[in-house]
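Per chain, numbering begins at 1; letters A, B, ... match sequence-line order. Remember, predicted model here, so these are calculated numbers, not experimental data.
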Number of protein chains: 2
Amino acid sequence: MGIIERKEREKEEMRRLILDAALRLFREKGLDAVSIRNIAESIEYSPATIYLYYKDKSEILSALQYEAAAVKRDHVMPAAAIENPWERLVEFGRRYVDFGMKHPDLYDLLFITRAPMEFIENQQCWPLGMAVHSFFTETVQACVDQRYFKSTDTETIAYTLWCHAHGLVSLFVRERMRMYPEEKRQELAQKSFTMIVKMAESI
Amino acid sequence: MGIIERKEREKEEMRRLILDAALRLFREKGLDAVSIRNIAESIEYSPATIYLYYKDKSEILSALQYEAAAVKRDHVMPAAAIENPWERLVEFGRRYVDFGMKHPDLYDLLFITRAPMEFIENQQCWPLGMAVHSFFTETVQACVDQRYFKSTDTETIAYTLWCHAHGLVSLFVRERMRMYPEEKRQELAQKSFTMIVKMAESI
DNA sequence: AAATATACTGAACAGTGTTTATTTTTGCAA
DNA sequence: TTGCAAAAATAAACACTGTTCAGTATATTT
C-alpha cells in the first residue's frame, strides 16, 4: 500500500510548491504581491486549488512567518557560541538588530505585521520564536547570576533591552526616521546600540 | 461675490463631513472598516463623490493621521509646563507611552501603519509631529546643558529613549507580548519605563 | 428662458479572498 | 479492459476593495 504514502508525499510537495511560490512573491515584490491568485498563477494552478492545501490565506502567511523565524534563528543563534554571558548578550543584540536591518521584510512579518496573528500561537512558528526568546532571557539570567547588573529583575531587564532593539529596528523598518537624513540613520542606530549597551552596564 | 466664498465654505464642510465619517468608522471598527464605499454610504453620497474632495484614499488616511497627531500633541504637551528639564523629560516619556496605551489605534496610525506614507511629509501632519519631536529633543538638550547626563550626544540620547518608548508601545500595540500573561503586560511596561529612567540617569 | 458651469452618480474596470457545483483525473475491482 | 467510485482540479460566482469616466442633475450666469 505505497499509494497512500505517495499521495501523502505529493500533498506535502504541493504545500511546499505553494509556499515556495508565496515566499518568492513575498521576497520579490513584497507582502502585497502575495495574493492567492498570484500564487496560483505562478504555479499554474487555479486559485481554488490553493484552498485544498491551505485553509485560507492566513495559514499561508503563518507558514511564511515560520520561514522568517527560521532565517532569524539562523542569523541570531551563532551568538550562543560565546561563553561569557555579557559578551553573548551584546552579540545577540547586535545580531538581532542586524537581522532586522538586513531583512526588513522578514522582520516586519515577524514583529510588526498584524496579518496572520490569529494563527501565530498554535503554529510551529511560535515555539521556534520562543526558543530564541528563551535563549535571550537565559542569557540575561546568566548575566544577572554573574552580577553583571546591579538589578536582579531578569524579566524587566530582558524586556527593556528588547524594547530598545525592537524600537530601533521598527522605526527604521516602518520609516519613522524621516527627521534624520537618510545617510545618518544607520549611523544613529549604531550609536544608539552602543549607548544602550553602555547604559545596560549600569542597570 | 459671496457665492464663491460660500462655495469654498461648502467644499470645506464636505471635506469635513467625509473626514468625520472616516474618523468615526476608524474609531468604531478599525482601519479596515475605512473604505471609500463605507464612508460614502455613511454620509449618503456615492463613492465617486469622495474623489471630488480627496484625491485618493491615501489623502484621507493622511488627514486621519493629522487628527491622530493632534490628539497625541494634546495628550503629551502638558509636560511642557514642568520647568525642571529632567522631570519634564520623564513626564513627557510617561505621557508618550500613556498615549500609546490608551489610543493604540491612533498610535498605530502615527508610528506603525505603512498605509499613507507617501504623503506624510508634505502634509500638515508632518510639521505637527515635528513640533512635538522638537520639544522632545529640546528637552533632552536642556538636560544635557544642565549636566543631567554624562554624555553630551543629545541626538543619540533622544533617539535611544525614543527607541525604547516606541518599542514598548509597539510591542504592546501589535501584540508581541504573548509570552507574558495578559495581566502582567501593563505592569511589565510600567517596570520597564521605570528602569529606562533609572538607566538614563547614568548615560 | 437658454446657456454654461458645477456637483453628483451609475456603471464599469481590475483587483482581492473565498465558496460551491462541476468537470477531469486517478485508482481499483469486476 | 472496462466501469465505477474516489480524489483532485477548476470555472464561475459572491461580496468585497480603490478608482475612473461618461452622463445626468442641479445651480449659476448671461
Side-chain angles (χ1 to χ4, degrees), chain A residues 1-19 21-23 25-26 28-65 109 113-119, chain B residues 1-19 21-23 25-26 28-65 109 113-119:
Chain A
M1 275 296 152
I3 288 176
I4 49 170
E5 285 154 21
R6 194 206 60 201
K7 292 257 171 178
E8 200 62 43
R9 205 172 55 239
E10 282 174 351
K11 185 129 191 163
E12 210 43 60
E13 278 166 13
M14 190 65 172
R15 282 176 65 91
R16 195 66 240 174
L17 188 68
I18 292 168
L19 199 59
L23 201 58
L25 284 168
F26 174 66
E28 281 173 10
K29 297 179 194 168
L31 191 57
D32 290 348
V34 183
S35 74
I36 300 288
R37 281 177 170 81
N38 285 152
I39 297 170
E41 193 182 10
S42 85
I43 61 171
E44 295 174 301
Y45 278 83
S46 107
T49 303
I50 309 283
Y51 287 88
L52 301 175
Y53 298 90
Y54 287 94
K55 183 176 138 281
D56 54 22
K57 191 183 177 180
S58 185
E59 202 170 270
I60 296 173
L61 291 184
S62 206
L64 286 186
Q65 270 186 331
L109 203 54
T113 303
R114 228 201 278 272
M117 288 305 294
E118 321 92 56
F119 251 97
Chain B
M1 275 296 151
I3 289 176
I4 49 169
E5 286 155 21
R6 195 206 60 201
K7 293 259 172 177
E8 199 63 43
R9 206 171 53 240
E10 281 175 351
K11 185 128 190 163
E12 209 43 60
E13 277 167 13
M14 189 65 171
R15 282 176 66 91
R16 195 66 240 175
L17 187 68
I18 292 169
L19 198 59
L23 202 57
L25 284 168
F26 174 65
E28 282 173 10
K29 298 180 195 168
L31 191 56
D32 290 347
V34 183
S35 74
I36 299 289
R37 281 177 169 82
N38 285 152
I39 297 170
E41 192 182 9
S42 85
I43 61 171
E44 294 175 300
Y45 278 82
S46 109
T49 304
I50 308 282
Y51 286 88
L52 301 174
Y53 297 91
Y54 287 94
K55 183 176 137 283
D56 55 21
K57 192 183 178 183
S58 185
E59 202 170 88
I60 296 173
L61 291 183
S62 205
L64 286 187
Q65 270 186 331
L109 203 53
T113 303
R114 229 200 279 268
M117 289 305 294
E118 322 93 55
F119 251 97

Return the CG to CZ distance between L61(A) and R114(A), rounded to the nearest 0.5 Å. 14.5 Å
Heavy atoms of L19(B) and A63(B) approach each other most closely as CD1-CB, 3.3 Å
Quick check on DNA chain C: between E10(A) and Y53(B), whose nearest nucleotide comes earlier from the 5' end? Y53(B)
Give the rounded distance in Å between these two atoms: CD1 of I60(B) and P of dT17(D). 13 Å
Given atom CD1 of I50(B) and atom P of dT19(D), what is their separation to the nearest angstrom? 11 Å
Any T49(A) side-chain nitrogen or oxygen under 4.0 Å from OP1 or OP2 of dT10(D): yes
Within this structure, what is the CG-to-P distance between L61(A) and dT16(C), rounded to whole angstrom? 14 Å
What side-chain donor-acceptor pairs closer than 3.5 Å can you find for residues 46-54 of chain B, not counting sequence neighbours?
| residue | atom | partner | partner atom | Å |
| --- | --- | --- | --- | --- |
| S46(B) | OG | A48(B) | N | 3.2 |
| T49(B) | OG1 | S46(B) | O | 3.4 |
| Y54(B) | OH | R15(B) | O | 3.1 |

With a 4.0 Å cutoff (strictly under), does any side-chain N or O of S35(B) reach OP1 or OP2 of dT17(D)? yes
Please give, in whole Å, the distance from dT6(C) C1' to M14(B) CE? 13 Å
Grab the CD-P distance between E41(B) and dG10(C) for me, whole Å please. 13 Å
Give a yes or no on this: more than 12 heavy atoms of other residues, nucleotides or ligands lie within 6.0 Å of atom CD of E44(B). no
How far apart are the closest heavy atoms of I18(B) and I43(B), and which atoms are they? CG1-CD1, 3.8 Å
Nearest-Å distance, CD1 (I39(A)) to P (dA9(D))? 16 Å
Give a yes/no answer on whether the side chain of N38(A) brings an N or O atom under 4.0 Å of OP1 or OP2 in dT16(C). yes
Mind calculating the distance between CD1 (I43(B)) and C1' (dA7(C)) to the nearest angstrom? 13 Å
Roughly how far, to the nearest 0.5 Å, is CD of E13(B) from CD of E10(B)? 6.5 Å
Could you run down the sub-3.5 Å N/O contacts of the protein with nucleotides 18-22 of chain C?
| residue | atom | partner | partner atom | Å |
| --- | --- | --- | --- | --- |
| dT18(C) | OP2 | Y51(A) | OH | 2.8 |
| dT18(C) | OP2 | K57(A) | N | 2.9 |
| dT18(C) | O5' | Y51(A) | OH | 3.2 |

Looking at residues at least two apart in the chain, or sitting in another chain, which of them share a side-chain contact (heavy atoms from CB on, under 4.5 Å) with L25(B)? V34(B), N38(B), I39(B)
Rounding to a whole Å, what distance do you find between L52(B):CG and dT26(D):P? 16 Å
